[in-house]
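All values reported here derive from a predicted model rather than from experimental measurement. Just so we're on the same page: letters track the sequence lines, and every chain starts at 1.
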There are 2 protein chains.
Amino acid sequence: MTDKSPPAGKPIRTAITSEDGIDFAIIELFFFAYRDFTSDPDQILADYGFGRAHHRVLHFVNRRPGLTVAELLDVLKITKQSLARVLKQLIDTDHVVQLQGPRDRRQRELYPTAKGRALALALARPQSRRIRAALEDCGAAERTLVERFLEAMVNPELRAQIDVGSGKMSGKSHGEH
Amino acid sequence: MTDKSPPAGKPIRTAITSEDGIDFAIIELFFFAYRDFTSDPDQILADYGFGRAHHRVLHFVNRRPGLTVAELLDVLKITKQSLARVLKQLIDTDHVVQLQGPRDRRQRELYPTAKGRALALALARPQSRRIRAALEDCGAAERTLVERFLEAMVNPELRAQIDVGSGKMSGKSHGEH
DNA sequence: GAAATTACGTCAATAGTACTGACATAATCT
DNA sequence: AGATTATGTCAGTACTATTGACGTAATTTC
């Protein structure tokens, strides 16, 4: 009577393909590519007792020195509480420092220290190496195209804060190519 | 004396750039692109009380019906214990069924049910739509190139289990690799 | 046939990242 | 003065992942 298994449980033996015009190839590749892409820094981070969240914070603090906590939350799209622990650890270990905002003293501007800059570079190096190798594998001329594809994968509303390529990074300093 | 802050803490005010030949643009784009790419299915999964792990299991069970638990662990690169809860939930909710292996009765071959197939498609649909849109944005002809780039981003040792493109997917039973 | 190995399941304990909601403080704006 | 903003913090929870250990059934090996 009270079967635990409802009648529906018949196994489907055929693989899902592109039947419904679904691009499983790229879906799957994206999964594998991102996993391996993050595995490089993950190994380094483990030595510091850090995780991927630390990497992201460190990355953006180095990319946009002086950004505020609120701006960082907006870029990462996480909550204050999620950031709190990670940021505190980075500050305690002297990778990041907080400076009181000049205009608004409530704000905390975040800056990397030399130590934080060095770690950010160390984490980015293997990722950049992987990217360079991949671009070479598929004809290096296509760099721009890959960039455009990835940018187009991002939600349109968010593309503003990406400021890719052109080096219009964070305003201030910049200028580089 | 016993300062809590070591001398090192001076803020660096200049943004990290391509100084060390590091490809920050693509590193960052990859982060944003993957985050938005996974956010689509995440919303659907929430309705089922499922997470991203359920999606991955469901995806590969649909892509390679009949794969064993050990094979799934190998593809996902997670531990048995991480898989256990997720797989159990998918089985309990009748998205996946286990069949005793024909050759080796210790093995459990995993198959999607109609329900599991439907959910896998529902999850993949917005992702595929996003990919299609992105490819159009950057000149659709470049599909192959994006595929090759992503594949090149994957660790070489793992490319075997990817069998991209051509739909030579799983070849169902067949002689494994 | 007995022993070792394999495939799977499960239990216990822990960690990292995320969430919601609430509350406190200081600074700025109206 | 009062409202709002920027930040910090506390409590509680959820999901995904880890390592290590143990058990059972099936297969392989000797």
Side-chain angles (χ1 to χ4, degrees), chain A residues 31 34-35 38-39 41-59 61 66-93 96-111, chain B residues 31 34-35 38-39 41-61 66-93 96-111 176:
Chain A
F31 163 67
Y34 192 74
R35 185 183 60 184
T38 51
S39 72
D42 280 357
Q43 294 215 308
I44 300 170
L45 289 159
D47 299 337
Y48 293 77
F50 289 164
R52 214 170 283 178
H54 299 84
H55 184 188
R56 292 199 283 262
V57 170
L58 206 49
H59 172 91
V61 168
L67 54 34
T68 64
V69 172
E71 285 166 349
L72 185 53
L73 290 176
D74 191 54
V75 171
L76 296 177
K77 296 265 177 289
I78 58 174
T79 59
K80 215 192 326 180
Q81 294 72 15
S82 297
L83 177 61
R85 178 190 52 98
V86 167
L87 183 55
K88 191 175 191 317
Q89 283 178 283
L90 287 170
I91 291 168
D92 289 348
T93 54
V96 172
V97 288
Q98 285 183 321
L99 266 61
Q100 204 171 49
R103 288 178 294 282
D104 186 334
R105 285 182 301 171
R106 286 171 306 179
Q107 293 184 332
R108 305 279 183 273
E109 293 187 343
L110 304 172
Y111 293 93
Chain B
F31 162 67
Y34 193 74
R35 186 183 59 182
T38 52
S39 72
D42 280 356
Q43 294 214 309
I44 301 170
L45 288 159
D47 298 337
Y48 293 77
F50 290 164
R52 214 170 281 178
H54 298 84
H55 185 187
R56 292 198 283 263
V57 170
L58 206 48
H59 172 91
F60 285 106
V61 168
L67 53 33
T68 65
V69 171
E71 286 166 349
L72 186 53
L73 290 175
D74 191 55
V75 170
L76 296 176
K77 296 267 176 287
I78 58 174
T79 58
K80 212 192 330 179
Q81 294 70 15
S82 296
L83 177 61
R85 177 189 52 96
V86 167
L87 183 54
K88 192 175 189 317
Q89 284 177 283
L90 286 171
I91 290 168
D92 288 348
T93 54
V96 172
V97 288
Q98 286 183 319
L99 266 58
Q100 204 170 51
R103 288 179 293 281
D104 187 334
R105 284 182 303 171
R106 287 171 306 180
Q107 294 183 332
R108 305 278 184 273
E109 295 187 341
L110 303 172
Y111 294 93
E176 32 284 280

**Q.** Flag side-chain contact, heavy atom, 4.5 Å: B:Leu73 against B:Thr79
**A.** no

Q | A:Pro102 to A:Glu109 - nearest heavy-atom pair and separation | A | CD-OE2, 3.1 Å

Q.
In this structure, how many angstroms lie between the P atom of C:dA7 and the CG atom of B:Leu83, rounded?
A. 15 Å

Q. To the nearest 0.5 Å, what is the distance between CG (B:Leu45) and CD (B:Gln43)?
A. 10.0 Å

For nucleotides 26-30 of chain C, tabulate all protein N/O to nucleotide N/O atom pairs closer than 3.5 Å, reporting atom names and distance.
| residue | atom | partner | partner atom | Å |
| --- | --- | --- | --- | --- |
| C:dA27 | N3 | A:Arg106 | NH1 | 3.4 |
| C:dT28 | OP1 | A:Arg105 | N | 3.1 |
| C:dT28 | OP2 | A:Arg105 | NH2 | 3.3 |

Q.
Output the rounded distance in Å from CZ (A:Arg52) to P (C:dA18).
A. 10 Å

Q. Of the candidate nucleotides C:dG9, C:dT10, D:dA6, which contains the atom at the shortest distance from the side chain of B:Ala84?
A. C:dT10

Q: Could you tell me whether the phosphate oxygens of D:dC15, OP1 or OP2, come under 4.0 Å of any side-chain nitrogen or oxygen in B:His54?
A: no

Q) Can you check the B:Gln89 CD to C:dG9 C1' distance for me, whole Å? A) 16 Å

Q. Rounding to a whole Å, what distance do you find between A:Leu67:CG and D:dT7:P?
A. 10 Å

Q) Rounded to whole angstroms, how far apart are CD on A:Glu71 and P on D:dA6? A) 10 Å

Q | Whether B:His54 and B:Phe50 hold their rings parallel, tilted or perpendicular, with breakpoints at 30° and 60° | A | parallel

Q | Verdict with supporting geometry, A:Leu87 and A:Gln98, side-chain contact (heavy atoms from CB on, under 4.5 Å) | A | CA-CA 10 Å; A:Leu87 183 55; A:Gln98 285 183 321; 4.2 Å; yes

Q) A:Gln98 near the nucleic acid: base, sugar-phosphate alone, or nothing, with a heavy-atom cut-off under 4.0 Å? A) sugar-phosphate

Q.
Given 3.5 Å as the limit, does a donor-acceptor pair link the side chain of A:Arg35 with the main chain of B:Leu76, or not?
A. yes

Q.
Taking only side-chain N and O atoms of B:Arg35, does any of them lie within less than 4.0 angstrom of OP1 or OP2 on C:dA18?
A. no

**Q.** Heavy-atom donor-acceptor pair, A:Arg108 side chain to A:Arg106 backbone, under 3.5 Å
**A.** yes

(Q) Tell me the interatomic distance from A:Arg85, atom CZ, to D:dT7, atom C1', rounded to whole angstroms. (A) 18 Å

Q: Give the rounded distance in Å between these two atoms: CZ of A:Phe31 and C1' of D:dT16.
A: 13 Å

(Q) A quick test of your reading: do over 12 heavy atoms of other residues, nucleotides or ligands sit less than 6.0 Å from NZ of A:Lys77? (A) yes

Q | Position toward the 5' end of DNA chain C (nearest nucleotide), B:Val69 or A:Ser82 | A | B:Val69

Q) How long is the span from the NZ atom in B:Lys80 to the CG atom in B:Leu72, to the nearest 0.5 Å? A) 13.5 Å

Q: Let me know the distance between CD of B:Gln107 and P of C:dG9, rounded to the nearest Å.
A: 11 Å

Q) Which ones in residues 73-81 of chain A lie close to DNA chain C, meaning a heavy atom under 4.0 Å from one of its atoms? A) A:Lys77, A:Ile78, A:Thr79, A:Gln81

